[in-house]
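Encoded as structure tokens, the structure appears first; notes follow it.
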2 protein chains.
Amino acid sequence: MHVPRGERLTAQDIARKVGVHPSTVSRALNPATRHRLSEEVAARILQAAAEAGYVRNDLAASLRTRRSETIGVVLPDITNPVFPPILEGIEAVLAAEGYVAMVANGGADEERQRLVVERLLARQVDGLILATASLRDTIVELCLAAQAPIVLVNRSEPDADHRVSSVVSDDMRGMKLAVDHLVSLGHRRIGHIAGPQNLSTGKGRLEGFTAAMKAHGLSAPAVDVVVAPAYARDAGREAARRLLERQPDLTAVVAANDLLAIGLYDELAARGLSCPDDLSVVGHNDMPFVDLMSPPLTTVRIRHREMGEQAAGLLLRKVRGEAEGGLDVVLKPDLVVRASAGQPRQPGTRP
Amino acid sequence: MHVPRGERLTAQDIARKVGVHPSTVSRALNPATRHRLSEEVAARILQAAAEAGYVRNDLAASLRTRRSETIGVVLPDITNPVFPPILEGIEAVLAAEGYVAMVANGGADEERQRLVVERLLARQVDGLILATASLRDTIVELCLAAQAPIVLVNRSEPDADHRVSSVVSDDMRGMKLAVDHLVSLGHRRIGHIAGPQNLSTGKGRLEGFTAAMKAHGLSAPAVDVVVAPAYARDAGREAARRLLERQPDLTAVVAANDLLAIGLYDELAARGLSCPDDLSVVGHNDMPFVDLMSPPLTTVRIRHREMGEQAAGLLLRKVRGEAEGGLDVVLKPDLVVRASAGQPRQPGTRP
DNA sequence: TTGAAAGCGCTAACAA
DNA sequence: TTGTTAGCGCTTTCAA
């Protein structure tokens, strides 16, 4: 065991210094109770505390008040480019309210996620923001059982019983934007590289794609869908390979995610095919720097920072008892037109 | 004020259930003291705790033990692509040791950073990892005064008195790799878009660039340096504009950072110039997806995840009193050759 | 091997 | 307006 470092000053020390009782110090330091003190005493305490460099022990305060002003954030993978802006949004809102974020990378493994959430709960977080992956998992159950306020971000619970709140993008609309754009360019044979079907975004976007195609009177075999097992570049490439083999007639593909679109780029390059001349591509997310790729990716933009802000705001309201039950926030995505989707190649030709 | 949610079980509750004293429960739950108990009692306690779903209140334990097993991580900007892998590395090492990370976005503002660090200190973090920006700031002083163990990551303290430890990349070597590569391609007139000179990476890389050029017998006016005020795309573009105006003879530019290199790409595109035909470009960091840009960026790779791992490991050793004073870890970078640097254009020509 | 007692530093009900 | 008292839930001597 290590030796604890230099003793810190306590409210007792300040009290002694000023000649008041510790509870008076506590009252002076808390803006909400300060007015119950004479201005003169409050001022003397504040000054003495500042002079001595006193810093309150928030742990002790939390133990007493049962509020830690700490929020747990569980991510599956911080290196996935969608999460940093979400985290930034969360952090900004929390900081403005005096809260801090305890961030834990849960990974994809359910068991490890359980552990992470339990550890956060043991640290008495006031609530949790879950950006974890799987659609119906035990983590939500765990939090619910612990009566911890939670908000899901970038995913939602499938069941309509609205036990939990979530902040998501409108995937139906997103896919409609993508498909409408391609159809307006003249495409009729459009494929979809879908995301994992155990994720709400994977399922929702597939649904949105199908609905949008149907709205244009388009259906199989003009349509083909392949499911990628993960939102990852290599999974996208592998899915693209299967899709292009199965349906060489396709003139355009909508990917459920920019990473998958990049995998599709890889496969096109490997086949010596050109985008958009041989195949038009539309992604989803508008993650950073996709405007710099060759060709710049046309994609559906999700405002991730705002997602994080909304999630943190919603959670804080729950923590304070101002919001109850399952309240969903749905953000509107936009289409960002760049250069990866163009007119279809000559009808009937195959690349 | 919100109503505290459902009461949680305490060690007392478990003690009552099993018919032992709370301190016995504590001993059973702690693997380090469990052996001092009869196996039978320990087993009964463990089972009762598991059955009842007991979760220890870590806050109370921390208050008593003066160890929070929590590490504060201060970042200037989580959306900067270098930080997610660093954070991932930190988080992985901490998690393996039972620690969690409290992450706070400090921003660039010193005052706000102070606040953030103070808040973390108040929460009794056992130590801090600072990835914050400025070279000589008050934040380090603040931590030192509070006697909090700290490790700097991706920056170091300039003064050689080695008060603090840091984990950095070997920028001298990184710039040498970049310059050697360009020189071997035939370049003689090479410019540098330097990073902010109040950051150790900005300063170090400029130094490395100058030294590497000198080693080849190259100096002004074959050399020109322009300083970007921030590691950002637009700052890079603006710096590139100044550099290209001032020195149209340059055939190659080394950027102190990939973001700056991207800004340079932007400026080249705006001028209708081609990379690498008109100008060769080498970046620094190898951030995700620069291999997908057009042209794929030749750059110096830094192993950011490992930086995070090393920083966390080093800090944990300090927290445990196993490491003292200023211990620096320097990681070796590599050159990743892609397509943004080629042979120089015809000598004497200007693009 | 287990229990008893004390206290980490703070806040909040209650008293004065 | 301020002090007194008690206790948040845990761990850790000390004693048995």
Side-chain angles (χ1 to χ4, degrees), chain A residues 1-46 49 52 54-70 121-124 126, chain B residues 1-46 49 52 54-70 121-124 126:
Chain A
M1 288 297 101
H2 84 283
V3 189
R5 61 192 131 89
E7 302 308 313
R8 295 214 180 128
L9 286 168
T10 71
Q12 282 239 38
D13 299 326
I14 306 301
R16 205 157 20 224
K17 210 165 278 194
V18 181
V20 296
H21 194 268
S23 64
T24 306
V25 172
S26 170
R27 287 188 268 252
L29 261 23
N30 180 349
T33 52
R34 191 173 303 154
H35 69 277
R36 318 172 110 255
L37 261 45
S38 78
E39 281 191 20
E40 186 260 332
V41 170
R44 261 170 53 218
I45 293 174
L46 254 22
Y54 167 74
V55 182
R56 186 184 75 157
N57 185 330
D58 285 347
L59 251 42
S62 293
L63 182 60
R64 178 67 234 238
T65 62
R66 294 152 172 283
R67 272 175 283 116
S68 65
E69 316 219 304
T70 301
L121 253 14
R123 284 189 160 80
Q124 312 301 114
D126 290 337
Chain B
M1 289 294 101
H2 85 286
V3 188
R5 62 190 130 86
E7 302 308 313
R8 296 218 179 125
L9 287 167
T10 72
Q12 281 239 39
D13 299 326
I14 306 300
R16 204 159 18 225
K17 209 166 277 192
V18 181
V20 294
H21 194 268
S23 64
T24 306
V25 173
S26 171
R27 286 187 268 251
L29 261 23
N30 181 349
T33 51
R34 190 173 304 156
H35 69 276
R36 316 172 111 259
L37 261 44
S38 79
E39 280 191 23
E40 186 260 333
V41 169
R44 259 171 53 219
I45 293 174
L46 254 22
Y54 168 73
V55 181
R56 186 183 74 158
N57 184 331
D58 283 348
L59 250 41
S62 294
L63 182 60
R64 177 70 232 246
T65 62
R66 293 151 173 285
R67 275 176 281 115
S68 66
E69 316 220 306
T70 302
L121 253 15
R123 284 189 160 77
Q124 311 300 114
D126 291 338

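In what follows, chains carry the letters A, B, and so on, assigned in the order in which the sequence lines appear, proteins first and then strands, with residues in each chain numbered from 1. All heavy atoms count here, side chains included; hydrogens, waters and symmetry mates do not.
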Give the rounded distance in Å between these two atoms: [atom1] of [X] and [atom2] of [N].
X     : N      : atom1 : atom2 : result
A:R16 : D:dG3  : CZ    : C1'   : 16 Å
B:H21 : D:dC10 : NE2   : C1'   : 12 Å
B:N30 : D:dC10 : CG    : C1'   : 12 Å
A:D58 : C:dG9  : CG    : P     : 14 Å
B:R67 : D:dT12 : CZ    : C1'   : 12 Å
B:N57 : D:dC10 : CG    : P     : 6 Å
A:L59 : D:dC10 : CG    : P     : 14 Å
A:R66 : D:dG9  : CZ    : C1'   : 9 Å

Margin query: Tell me whether the side-chain N/O atoms of A:Y54 come closer than 4.0 Å to OP1 or OP2 in C:dG9.
Written below: no
Next item on the list: Indicate whether OP1 or OP2 belonging to C:dT2 is found under 4.0 Å from a side-chain N or O atom of B:S38.
Entry: yes
Checklist line | B:I45 and B:V41, any side-chain heavy atoms less than 4.5 Å apart | finding: yes
Notebook entry, point to check: Any side-chain heavy atom of A:V20 within less than 4.5 Å of one from A:V25?
Noted result: yes
Checklist line | No-hydrogen, no-angle side-chain donor-acceptor test under 3.5 Å, B:R123 and B:T70 | finding: no
Next item on the list: Could you list the residues that satisfy salt bridge (charged side-chain N to carboxylate O under 4.0 Å, His left out) with B:R16, not counting sequence neighbours?
Entry: B:D13
Checklist line | For B:R56, all residues meeting salt bridge (charged side-chain N to carboxylate O under 4.0 Å, His left out), sequence neighbours excluded | finding: B:D58
Can you identify which nucleotide, out of [options], has its nearest atom closest to the [X] side chain?
X     : options              : answer
B:A11 : D:dT4, C:dG9, D:dC10 : D:dC10
A:V41 : C:dT2, D:dT2, D:dG9  : D:dT2
B:L63 : D:dT2, C:dC8, D:dT11 : C:dC8

Checklist line | hbond_proxy A:R64 side chain to D:dG9 base (donor-acceptor, 3.5 Å cutoff) | finding: no
Notebook entry, point to check: Quick one: does B:R27 reach the base of C:dG3 with a side-chain donor-acceptor pair under 3.5 Å?
Noted result: yes
Just call it for [X]: base, sugar-phosphate, or nothing, with non-hydrogen atoms closer than 4.0 Å on any strand.
X     : result
A:S23 : base
A:T10 : sugar-phosphate
B:R56 : sugar-phosphate

